[in-house]
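Chain letters run A, B, ... following the sequence lines, proteins first, then strands; residues in each count from 1. It should be emphasised that the depicted structure is a prediction, and the values quoted were computed from it without experimental measurement.
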Amino acid sequence: MDPRALAALIRQSALAHLADMSPSPELSEDDIALERPKNRDHGDWATSIALKLAKVVGSNPRDLATAIADNLLDHEGIAAAEVAGPGFINISLDAGSAGELVRTIVQAGDTYGSSSDMAGQVINVEFVSANPTGPLHIGHTRWAALGDSLVRVLRAAGASVTSEFYINDQGVQMDKFGLSVVAAAEGKPAPEDGYQGEYISDLARRVLEMVPDLLEMPESARIETARDRAYELQLADITASLSRFNVRFDVWFSERTLHTPGKSGESLIDESVERLRAGGHVFDDEGAVWVRTTDFGDDKDRVIRRANGAYTYFAADAAYYLSKSDRGFWKKIYLLGADHHGYIHRLKALAGAAGDDPEVNVEILIGQLVSINGAKLSKRAGNIIELDDLQTWLGTDALRYSLARYPADSPLTLDSDILTKRSNDNPVFYVQYAHARTHQVARNAAAAGVTTDTFEPSTLTHETESALIASLGDFPRVVAQSAELREPHRVARYLEEVAGVYHRWYDACRVSPQGDNPIEPVHGTRLWLNDATGHVLRNGLSMLGVSAPERM
RNA sequence: GCCCUCGUAGCUCAGCGGAUAGAGCAGAAGACUUCUAAUCUUUUGGCCGCAGGUUCGAUUCCUGCCGAGGGCGCCA
């Protein structure tokens, strides 16, 4: 019996008891609030449903709990249902019924943990979105790890997700970038406010290889050529860095495409201003064009087109937002650093002005900054800590895992000493080792002649076995909840728990018989449990973009 | 000044209203003739920043204060 089936059963029992009430209370399976108690004495599962219902139906929680518990006991597979504390119901499943879950997991394989809870939701997740004017730094690294994991978790929950990188390849920063590369190519110092660091001279050298006559070109062509070639190279570097980091984007959206005039002679930005105007959210004042974002909760109206005729950055934001809507995304999720939280109001306002519901169609996840002890600033790129350096230093697995195991809104200081340790201190190794151990156990079982031909779940009676089974049963709910709350760190924390329970089980229960002892049904059955654990660990690690080695 | 996030064990952090607030590390004591000891067992350690409020019940929700970080533009 898996948790969902149990929740359905509890619901049924509660409703049976309350059937003669009028009106009979609404009760969904989500209301059951099934949880696994920390304390083993409290059974395999516990529910506070009686406490919640007592308020609604106006009866004593303990009496209500007793009635529901009695009803539950009549059902197959329930070994115990006891009322405890103010009205909790502690439930124990009988071993056979609980163990059936193991077969379900193994048969589901790679798909165990996935669900269709979010089926039909078409979601765009935008993250990283760095200027293509230099290498990615530690801040981008956090959003890359978190964003990619979030995308994977949402997909596992059944949503249809597109990951997107918005390339700020237009504007003043790009021009500065071009000037900086030209200066380096000419052997001159970087311009005021320009980009510095060895990577700029590297780019200049590479551009000169591609365009040997660069320095003979007229100035404007020279700057433009240098800018665009260096941009190409830098973007390719960023893509390669992310790819090594196991992060891939479905869409690389160039800001330039918003500025480029289309067939009608109008750019997408021109069109979007007109669309907002048609919606009645635009006004003119002192020669500038404004969007009345205060109608949608912004603290001030925003200029979209300056008095000098130039569009503001907000104009590109607007066009970009409309593009996402036009491309059919029902929900737009943005991952932004804390230094961008000022965007929240205007993005929401933009959604409102575009005719969307800001509370439904836009979600902005603000992440706090991350730092790391012991990291060296990049020599190549100047005063930053580079993703590439971090990755070479710590490895993709340790870096991705340790960034994904904390909620985005907690300020984070990573400890490089721990991340480079290959022991219990380092959670990623703890989890990966547990996975490798499931494979080692399976190899040993094969050598000892233990097979999965026998499966007798009623033999899984050890307390570590019921704990492990219950833990494995939690996986789909953890994934669904992580997706719902946009908190992939819950998957990581869960995997650590599974790994711990598995290690304790391993310590207590043998899959291969010791010495010359005969092979019994329990051994084959435990091999099933072992394999089921391997599936859960592998599936979970995969959602975090972390490898699941079969040997370590 | 206004806005956002955070404040939980010595450290790094979990805990979307529930039972005695948890994990890892650090400190103390143990377990390898054993399917991998990269593991496991036991143990020390808390005015959950402070003060109110809502609730049968608050670390969790609300308000104020204190502390840390970040943000406010016809910049991008």
Nucleotide-level pairing of RNA chain B, given in dot-bracket where Watson-Crick and G-U pairs need both distances under 3.5 Å and | marks other strands: (((((((..((((....[...)))).(((((.......))))).....(((((..]....))))))))))))....

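- Not a single donor-acceptor contact under 3.5 angstrom links the side-chain atoms of A/His345 to the base of B/rC3.
- For the OP1/OP2 pair of B/rC75 and a distance below 4.0 Å, the side-chain nitrogens and oxygens of A/Thr312 include no atom meeting the criterion.
- Side-chain N/O atoms of A/Tyr430 include one lying less than 4.0 angstrom from OP1 or OP2 on B/rC40.
- Atom name P, nucleotides B/rU8 and B/rG69: the rounded distance is 15 Å, in whole Å.
- For B/rA37, one of the phosphate oxygens OP1 or OP2 lies less than 4.0 angstrom from a side-chain nitrogen or oxygen of A/Tyr506.
- Here, B/rU39 and B/rC11 have their P atoms 24 Å apart, quoted to the whole Å.
- Between A/Gln481 and A/Tyr494, the side chains place no donor N or O within less than 3.5 Å of an acceptor N or O (distance only, hydrogens not considered).
- For the residue pair A/Asn168 and A/Gln173, no side-chain donor N or O sits within less than 3.5 Å of a side-chain acceptor on the partner.
- Backbone-only contact: A/Tyr406 has heavy atoms under 4.0 Å from sugar-phosphate atoms and none from a base.
- Within the 4.0 angstrom heavy-atom criterion, only backbone atoms of the sugar-phosphate kind lie near A/Ser410; the bases stay farther away.
- To the nearest whole angstrom, the two C1' atoms, one in B/rG22 and one in B/rA14, are 7 Å apart.
- Judged by atom type and distance alone, A/His341 does not reach the base of B/rG71 through any side-chain donor-acceptor pair under 3.5 Å.
- Among the heavy atoms of the strands, none lies under 4.0 Å from A/Pro513.
- There is a side-chain donor-acceptor pair under 3.5 Å between A/Tyr401 and A/Glu496.
- Partner of A/Arg486 under the side-chain contact (heavy atoms from CB on, under 4.5 Å) criterion, chosen from A/Leu146, A/Ile333, A/Val153: A/Ile333.
- A/Tyr195 and A/Phe177 have perpendicular rings, their planes meeting at more than 60° on a 0 to 90° scale where under 30° would count as parallel.
- Between the side chains of A/Asp270 and A/Tyr311, at least one donor N or O sits under 3.5 Å from an acceptor N or O.
- Counting heavy atoms from C-beta on, the side chains of A/Arg538 and A/His435 come closer than 4.5 Å.
- Straight-line distance from the CG atom of A/Asp298 to the C1' atom of B/rC74: 15 Å, rounded to whole Å.
- Straight-line distance between the P atoms of B/rU60 and B/rU54: roughly 15 Å, to the nearest whole Å.
- Within the nucleic acid shown, A/Arg510 comes within 4.0 Å of at least one base atom, counting heavy atoms only.
- At B/rA37, one or more side-chain N or O atoms of A/Arg437 fall inside 4.0 Å of OP1 or OP2 (strictly under the cut-off).
- The nearest whole Å value for the distance from the NZ atom in A/Lys348 to the C1' atom in B/rC3 is 15 Å.
- B/rU33 sits 14 Å from B/rA38 when the P atoms are compared, rounded to a whole Å.
- Both the sub-6.0 Å distance and the 45° axial angle are not jointly satisfied by A/Arg437 relative to the ring of A/Tyr502.
- If you check residues 475-489 of chain A against RNA chain B, the residues with a heavy atom closer than 4.0 Å are A/Gln481, A/Leu485, A/His489, listed by number.
- For A/Gln121, the CD atom sits in a packed shell: over 12 heavy atoms of surrounding residues, nucleotides or ligands are nearer than 6.0 Å.
- Under the side-chain contact (heavy atoms from CB on, under 4.5 Å) criterion, A/Leu179 pairs with A/Pro191, A/Ile223, sequence neighbours left out.
- Donor-acceptor pairing under 3.5 Å, judged by distance alone, is absent between the side chain of A/Asp507 and the base of B/rA37.
- The separation of B/rG27 from B/rG10, taken at their C1' atoms, amounts to 9 Å, rounded to a whole angstrom.
- The side chain of A/Arg504 contributes an N or O atom lying less than 4.0 Å from OP1 or OP2 of B/rU41.
- In this model, the phosphate group of B/rG73 is approached by a side-chain N or O of A/Arg302 to a distance below 4.0 Å at OP1 or OP2.
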